[in-house]
Amino acid sequence: MAGSEEAQNGWGQCLKRLEEELSSDDFNTWIRPLHGHYDEGRLVLLAPNRYVCEEVERGGYLQRIAELVSDFSPGFNGLELTIGSVGGRAPGGPARAGAKTRVLGGACRHGLNANMLFDNFVEGQSNDVAKFQASNVAEALASKSAVNGGKRKPLLVYGGVGLGKTHLMHAVGNAVLAAAPGTKTLYVPSERFVNDMVLSIRTGAIQKVMRQYRSVEVLLIDDIQFFANKSRTQEEFFHLFNAVLEAGHQLVLTCDRYPGEVDGLEVRLKSRFVGGLAVQVQPPDLETRAAILQRKGDDEGVPIRDEVALHIAKRIRSNVRELEGALQRVLAHAKFTGSPVTIELVRRALHDLFALHGRLTTIEHIQKIVAEYYNIRPEDMLSKSRARAIARPRQVAMALAKELTNHSLPEIGDRFGGRDHTTVLYARRRVAELREKYEDVDDDYKNLSRILNK
């Protein structure tokens with residue numbers, strides 16, 4: 001098949017389809033620069049530099065190319081992505097020095113990221129329930145049994161950006177394929193599902209496309225909030241949702257918030273999304289953030305000491321993605337300077353990021369958000385009132401201020417009407433006790449933390 005006209009047409013057809021599916025900016029920036037040729041049935045893609053190479057992988061384009069080319073080229077048996085140029089690397093020859101190579105097998109049609117597993121998912125109080133439910137679903141699928149008996153229930157994982165929802169989704173698919181390789185499994189970002197709907201409607205192939213989706217045994221769809229205000233997509237997905245469950249197959253979905261909060265989603269879809277196993281992932285706590293940094297450091301071959309991980313984790317609180325980005329900056333700075341990863345090096349590498357986070361989460365902002373949440377006035381936070389309706393929100397605000405800012409106990413007390421640092425310490429302990437004892441207090445605290453970390 002090497003160099004055959006059929007093979008080259010497969011790559012050409014793939015390019016045409018991607019041009020239809022992607023925005024012009026994405027296609028021209030990341031796909032058009034790729035040069036493809038075949039080597040004994042394997043498609044070799046040459047990227048002009050590491051930035052294009054990394055984005056083609058990170059953006060999910062590589063998996064989509066593998067899926068499309070395998071459709072258009074029956075003899076396709078693999079895909080290789082490497083840095084190089086048409087004149088700089090001969091077909092079948094080695095990649096030039098420093099090139100980054102990624103190889104996918106010819107059967108890579110499921111769209112899963114093989115690196116996202118339960119084993120390398122860092123678990124903490126913020127995500128342990130979600131991981132437990134996802135693991136249960138994966139085990140039940142692998143053993144061909146239904147979860148908790150009866151029909152399969154859809155699994156919905158919801159929460160803010162960069163908290164590990166997609167990782168858990170891929171982990172379910174990878175666990176199923178590892179235990180039962182023949183299971184028809186497909187991961188689809190919601191944007192691709194919408195594009196498939198639009199294109200199939202335009203070409204009159206909607207029934208064919210829907211039959212293909214219905215045949216999937218484990219269907220994983222990411223970021224369903226993008227279905228909002230797309231009436232035809234929602235109509236087709238409603239019927240697909242019902243058909244998949246009636247066939248005894250499994251749906252795994254993610255959303256960036258509780259589906260009931262997504263404007264533009266039909267009520268019947270909202271009820272189905274939360275009618276199965278709906279679990280939330282929260283922003284990671286301090287210990288989990290530090291553990292994530294240390295795990296990522298180990299993956300990069302650079303151990304991160306406890307005090308360094310905690311120093312970063314105390315200041316980067318928003319999500320896992322930003323944590324990983326901060327660590328990459330630290331590692332790049334260490335490599336460039338030839339220095340070990342110390343707290344001083346972290347301060348130099350991340351000084352602007354730390355400053356930004358310090359500005360974004362202020363005590364005054366926390367007071368304002370907490371006051372609005374409990375329907376009291378911001379000035380009540382500074383008052384001497386001991387009425388429960390005011391004292392409780394004030395204690396919650398103090399606890400959040402200690403968790404989400406870098407201010408000391410005396411500084412926080414001073415901002416709450418000149419109170420002593422022991423008052424702040426008592427407030428933290430009292431809120432922790434109340435969260436353990438009362439579910440509604442714990443829910444309020446988590447909701448406020450989520451709002452402040454947006």
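Predicted model only: the values in this text are computed from it and were never measured.
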Can you tell if the side chain of [X] reaches within under 4.5 Å of the side chain of [Y], non-hydrogen atoms only?
X: Thr423; Y: Met398; value: yes
X: Thr183; Y: Leu141; value: no
X: Val52; Y: Tyr61; value: no
X: Val330; Y: His333; value: no
X: Phe118; Y: Asn174; value: no
X: Pro284; Y: Leu163; value: yes
X: Val279; Y: Leu156; value: no
X: Arg321; Y: Val161; value: yes

- Tell me, please, which residues at least two apart from His311 pass side chain to side chain contact (heavy atoms under 4.5 Å, CB included).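 Residues passing side chain to side chain contact (heavy atoms under 4.5 Å, CB included) with His311: Arg315, Ile343, Val346, Arg347, Phe354.
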- Does Asn28 have any side chain to side chain contact (heavy atoms under 4.5 Å, CB included) partners at least two apart in sequence or in another chain, and if so, which?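 Once residues adjacent in sequence are excluded, the partners of Asn28 under the side chain to side chain contact (heavy atoms under 4.5 Å, CB included) criterion are Ser24, Arg32.
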- Task: Scan for side-chain hydrogen bond (donor to acceptor under 3.5 Å, both in side chains) pairs involving residues 252-265, sequence neighbours excluded, and state none if there are none.
- Result: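 Only Asp222-Thr254 qualify under side-chain hydrogen bond (donor to acceptor under 3.5 Å, both in side chains).
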In Å and rounded to the nearest 0.5 Å, what is the [atom1] to [atom2] distance from [X] to [Y]?
X: Ile83; Y: Leu45; atom1: CD1; atom2: CG; result: 13.0 Å
X: Ile316; Y: Ile292; atom1: CD1; atom2: CD1; result: 13.0 Å
X: Leu18; Y: Glu20; atom1: CG; atom2: CD; result: 9.5 Å
X: Leu46; Y: His37; atom1: CG; atom2: NE2; result: 5.5 Å
X: Ile369; Y: Glu372; atom1: CD1; atom2: CD; result: 5.0 Å

Using modelled atom types and a 3.5 Å cut-off, is there a donor and acceptor pairing between side-chain atoms of [X] and backbone atoms of [Y]?
X: Arg329; Y: Ala349; result: yes
X: Ser449; Y: Tyr445; result: no
X: Glu217; Y: Lys184; result: yes
X: Lys165; Y: Gly159; result: yes
X: Gln294; Y: Ile304; result: yes
X: Ser126; Y: Gly124; result: no
X: Lys230; Y: Phe226; result: yes
X: His249; Y: Val216; result: yes
X: Asp414; Y: Pro410; result: no
X: Arg289; Y: Ala313; result: yes

- Does atom CD of Gln125 have more than 12 heavy-atom neighbours, drawn from other residues, nucleotides or ligands, at distances under 6.0 Å?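 It does not: Gln125 CD has 12 such atoms or fewer within range.
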- Message: Could you go through Leu220 and Val188, starting from their C-alpha distance and side-chain angles, then the distance that decides it, and tell me whether this counts as side chain to side chain contact (heavy atoms under 4.5 Å, CB included)?
- Response: CA-CA 6 Å; Leu220 311 113; Val188 185; over 6 Å; no
- Task: Tell me, please, which residues at least two apart from Lys16 pass salt bridge (charged side-chain N to carboxylate O under 4.0 Å, His left out).
- Result: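 Partners of Lys16 by the salt bridge (charged side-chain N to carboxylate O under 4.0 Å, His left out) criterion come out as none, since no residue qualifies.
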- With Glu307 via salt bridge (charged side-chain N to carboxylate O under 4.0 Å, His left out) - residues at least two apart: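 Here the qualifying residues are Arg305.
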Donor-acceptor contacts under 3.5 Å from residues 424-441 side chains, at least two apart:
| unit_1 | atom_1 | unit_2 | atom_2 | d |
| --- | --- | --- | --- | --- |
| Arg435 | NE | Asp442 | OD1 | 2.9 |
| Arg435 | NH2 | Asp442 | OD1 | 3.0 |

- Any pair with a residue in residues 110-127 that passes salt bridge (charged side-chain N to carboxylate O under 4.0 Å, His left out), sequence neighbours left out, goes on the list, sorted by first then second residue, please.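 Output for this query lists Glu123-Lys131.
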- Mind jotting down which residue pairs meet the salt bridge (charged side-chain N to carboxylate O under 4.0 Å, His left out) criterion with at least one end in residues 292-301? Sequence neighbours excluded, please.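 Matches after skipping sequence neighbours: Lys296-Glu324.
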Can you give me the closest heavy-atom contact between [X] and [Y], atom names plus distance?
X: Leu265; Y: Ala228; value: CD2-N, 4.1 Å
X: Met381; Y: Phe416; value: O-CD2, 3.6 Å
X: Phe241; Y: Pro154; value: CZ-CG, 3.6 Å
X: Ala114; Y: Leu117; value: O-CD2, 3.5 Å
X: Lys402; Y: Leu409; value: CD-CD2, 4.0 Å
X: Ala291; Y: Val122; value: CB-CG1, 3.8 Å

Tell me, please, which residues at least two apart from [X] pass side-chain hydrogen bond (donor to acceptor under 3.5 Å, both in side chains).
X: Arg17; result: none
X: Glu364; result: Arg415
X: Thr422; result: Asp420
X: Asn195; result: none

- Check the pair Gln280, Asn127 against side-chain hydrogen bond (donor to acceptor under 3.5 Å, both in side chains), reporting the backbone distance first and the verdict last. CA-CA 7 Å; Gln280 184 179 16; Asn127 57 34; over 6 Å; no
- Item | Validation row, ring centre Tyr213 to ring centre Phe193 under 6.0 Å |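 So the answer is yes for these two rings.
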- Task: Using the side chain to side chain contact (heavy atoms under 4.5 Å, CB included) rule, pick out the option among Val252, Leu253, Leu240 that qualifies with Leu219.
- Result: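 Answer after filtering Val252, Leu253, Leu240: Leu240.
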- Task: Can you label the angle between the Phe273 ring and the Phe237 ring as parallel, tilted or perpendicular, going by 30° and 60°?
- Result: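 Phe273 and Phe237: tilted rings.
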- Item | Check against side chain to side chain contact (heavy atoms under 4.5 Å, CB included), Asp444 and Val396 | CA-CA 9 Å; Asp444 287 344; Val396 169; over 6 Å; no
- Query: Do Asn120 and His167 have side-chain N/O donor and acceptor atoms under 3.5 Å apart?
  - Reply: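 Side-chain D/A pair, Asn120 to His167: present.
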